[in-house]
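To start, the structure itself, in structure tokens.
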Number of protein chains: 2
Amino acid sequence: MSDAAAGNPAPPPPSPWERERPARPQTAPQRTPLSRERIVEAAFTVLDRQGLDGLSMRQVAAELGVTVSALYAYVSSKDDLLELMYTRLFDGFTMPAPDPERWREQIRDYAHAGRKRLLSHRDVARISMAHVPFTAELLPHVEGLLAIFRTAGLPDRIAAEAGDLISTYIDGFVLEEGMWQDRAAARPDDGDSSLARPDWREMAGEMQNYFASLPPADFPHLRALADVMVSDSSDERFDIGLEIILRGLASYLPDKAPDA
Amino acid sequence: MSDAAAGNPAPPPPSPWERERPARPQTAPQRTPLSRERIVEAAFTVLDRQGLDGLSMRQVAAELGVTVSALYAYVSSKDDLLELMYTRLFDGFTMPAPDPERWREQIRDYAHAGRKRLLSHRDVARISMAHVPFTAELLPHVEGLLAIFRTAGLPDRIAAEAGDLISTYIDGFVLEEGMWQDRAAARPDDGDSSLARPDWREMAGEMQNYFASLPPADFPHLRALADVMVSDSSDERFDIGLEIILRGLASYLPDKAPDA
DNA sequence: CTCACCCAAAGAACGCTGTTCATCAAGATA
DNA sequence: TATCTTGATGAACAGCGTTCTTTGGGTGAG
């Protein structure tokens with residue numbers, strides 16, 4: 001560097017004793033200058049590949065080809081990053097204008113969209129469960145839900161609770177769904193042929209065998225329900241639970257009789 | 001140590017250069033020989049003092065005056081310990097014989113007991129949320145729940161889902177409850193005068209102010225419901241949500257009309 | 001009484017975590 | 001050309017779950 005004044009066009013090869021230059025040029029394409037968005041994106045990549053337990057700041061940094069400490073210039077903590085991921089899930093998600101005639105369908109749509117969102121990335125239900133959607137960006141969603149319930153005619157105290165209730169239901173259901181998937185994926189059965197294929201059908205068979213093995217005198221109802229519990233798909237089970245809640249809410253409507 | 005052959009009755013004072021003997025006699029009262037039960041007990045002590053995030057194997061070991069590695073002779077992993085803690089919550093918890101005339105009260109009792117159990121130790125709802133109650137010790141509880149629903153007359157597919165639904169509701173509600181408490185306790189407001197007193201009333205006031213500060217045009221329903229959301233106690237809110245679910249379930253009973 | 005054994009616990013170590021800090025190269029500004 | 005800013009680096013710290021080897025005291029056999 002000291003002879004730069006000479007201005008010779010061909011730089012000499014690096015002297016053997018000077019520490020090999022960090023080889024910035026390798027990373028030098030300098031993809032993009034790093035940003036909150038890029039960090040969140042990388043975090044989702046790591047999440048899908050390694051799950052929430054494998055999501056570490058170091059892994060995210062590695063995914064970006066960057067050091068850990070660099071992340072902390074854009075994200076104040078891991079919790080901050082998780083919150084960013086959580087709110088990003090709601091991007092492009094708008095609540096419909098409340099239609100009193102169709103409030104049930106509107107809630108059904110909301111629930112289905114919510115479940116789809118939680119299934120869009122691995123372990124996202126666990127992240128969602130750890131957050132209350134009362135940040136500024138998410139308040140419009142809460143407002144939208146309350147709008148549907150209130151204009152449908154539900155009493156205030158019921159409407160106030162209804163939002164929490166179905167949100168909790170969605171999160172809880174998908175969380176449990178994910179736990180079964182993990183359990184199925186972690187079965188030491190077929191060696192490393194586990195191509196991330198949970199093999200739902202085989203799992204169901206094992207469950208059914210297990211239920212059938214229970215002492216009939218002690219577990220009559222569990223045995224009686226084994227068939228239906230195992231034969232219903234996740235989607236069907238989700239809709240059943242959702243419908244129970246909707247019927248409960250409908251029973252508070254002043255006017256019409258709460259029949260299906 | 002090398003002149004032990006002399007056999008002199010009075011042991012010499014410890015030579016200054018040999019590392020002070022670990023002073024086992026200090027710990028030597030040897031309280032009790034360490035066991036799974038004692039480890040779980042200590043874990044709950046640490047949990048109540050430091051929360052789930054502060055619950056580490058090392059802290060549990062310290063609580064028992066013992067090294068970390070000693071724990072692993074009784075507990076195979078931290079997850080194992082957490083599962084032990086989870087199932088211990090159900091100790092002395094028995095399901096009532098199903099009474100078709102009183103199924104609603106029975107479920108209400110179950111829910112209240114469940115919430116009380118989750119509130120009995122800090123952060124326990126988070127532990128509960130991470131477990132499916134399908135271990136051998138807990139199956140009787142599931143069976144008991146299904147028994148109540150089935151003998152009440154609910155269709156099988158509804159009964160099968162009902163257990164999950166109310167369990168998820170209880171866990172989710174208390175989880176959220178705990179998150180608000182944590183948020184209130186972490187408020188940097190009054191310095192270190194935080195004697196673990198969440199000061200619920202003050203928190204509610206802040207919430208109400210926040211809602212009132214929202215632009216009326218964008219958040220009419222949130223503003224309208226601020227009063228009721230904040231004035232209702234946790235117990236009332238819990239009962240409201242529970243009642244919504246119960247009404248929904250009741251709507252599937254074949255015979256009687258599903259009025260309150 | 002002495003020796004061998006056994007086993008519960010100790011202690012050190014490994015690789016990982018979230019977070020902070022001093023450093024540094026390169027670009028922009030004066 | 002000299003200074004300042006900026007975005008990233010690499011080392012470090014304390015703590016984590018887990019495993020491995022060592023050890024010391026109590027017990028039973030000869």
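The sequence lines fix the lettering, A, B, ..., with proteins before strands; numbering per chain opens at 1. All values below were derived from every heavy atom in this structure, side-chain atoms included, with hydrogens, water molecules and symmetry-related copies excluded.
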Take the protein atom [atom1] of [X] and the nucleotide atom [atom2] of [N], then report the distance between them rounded to whole Å.
X	N	atom1	atom2	result
Leu82(B)	dG17(D)	CG	C1'	12 Å
Arg38(B)	dA8(C)	CZ	C1'	13 Å
Leu52(A)	dT17(C)	CG	P	13 Å
Tyr74(A)	dT6(D)	OH	P	12 Å
Leu71(B)	dG11(C)	CG	P	14 Å
Leu81(B)	dG17(D)	CG	P	10 Å

For Phe219(B), what residues pass the ring-ring contact (aromatic ring centres under 6.0 Å, His included) criterion, not counting sequence neighbours? none

Does Tyr74(A) have any ring-ring contact (aromatic ring centres under 6.0 Å, His included) partners at least two apart in sequence or in another chain, and if so, which?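 So Tyr74(A) forms no ring-ring contact (aromatic ring centres under 6.0 Å, His included) with any residue.
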
Verify the ring-centre separation between Phe238(B) and Tyr169(B): is it less than 6.0 angstrom?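 For Tyr169(B) and Phe238(B), the ring centres are under 6.0 Å apart.
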
I'd like a table of atom pairs between the protein and nucleotides 18-20 of chain D - only N or O on both sides, under 3.5 Å - with the distance next to each one.
residue: dT18(D); atom: OP2; partner: Tyr72(B); partner atom: OH; Å: 2.8
residue: dT18(D); atom: OP2; partner: Lys78(B); partner atom: N; Å: 2.8

Can you sort out the partners of Arg117(B) under salt bridge (Lys or Arg N to Asp or Glu O under 4.0 Å), two or more places apart, ordered by chain and number? none

Side-chain donor/acceptor pairs under 3.5 Å, residues 51-65 of chain A, sequence neighbours excluded:
residue: Asp53(A); atom: OD1; partner: Arg126(A); partner atom: NH2; Å: 3.1
residue: Ser56(A); atom: OG; partner: Gln59(A); partner atom: N; Å: 3.1
residue: Glu63(A); atom: OE1; partner: Arg49(A); partner atom: NH2; Å: 2.4

Sugar-phosphate, base or nothing in reach of Ala73(A), heavy atoms under 4.0 Å: nothing

Taking only distance into account, with no hydrogens and no angle test, what donor-acceptor pairs under 3.5 Å do side-chain atoms of residues 135-144 of chain A form with protein atoms, sequence neighbours excluded?
residue: Thr135(A); atom: OG1; partner: Glu137(A); partner atom: N; Å: 3.4
residue: Thr135(A); atom: OG1; partner: Glu137(A); partner atom: OE1; Å: 2.7
residue: His141(A); atom: NE2; partner: Phe93(A); partner atom: O; Å: 3.4
residue: Glu143(A); atom: OE1; partner: Leu222(B); partner atom: N; Å: 2.8
residue: Glu143(A); atom: OE2; partner: His221(B); partner atom: N; Å: 2.9
residue: Glu143(A); atom: OE2; partner: His221(B); partner atom: ND1; Å: 3.2

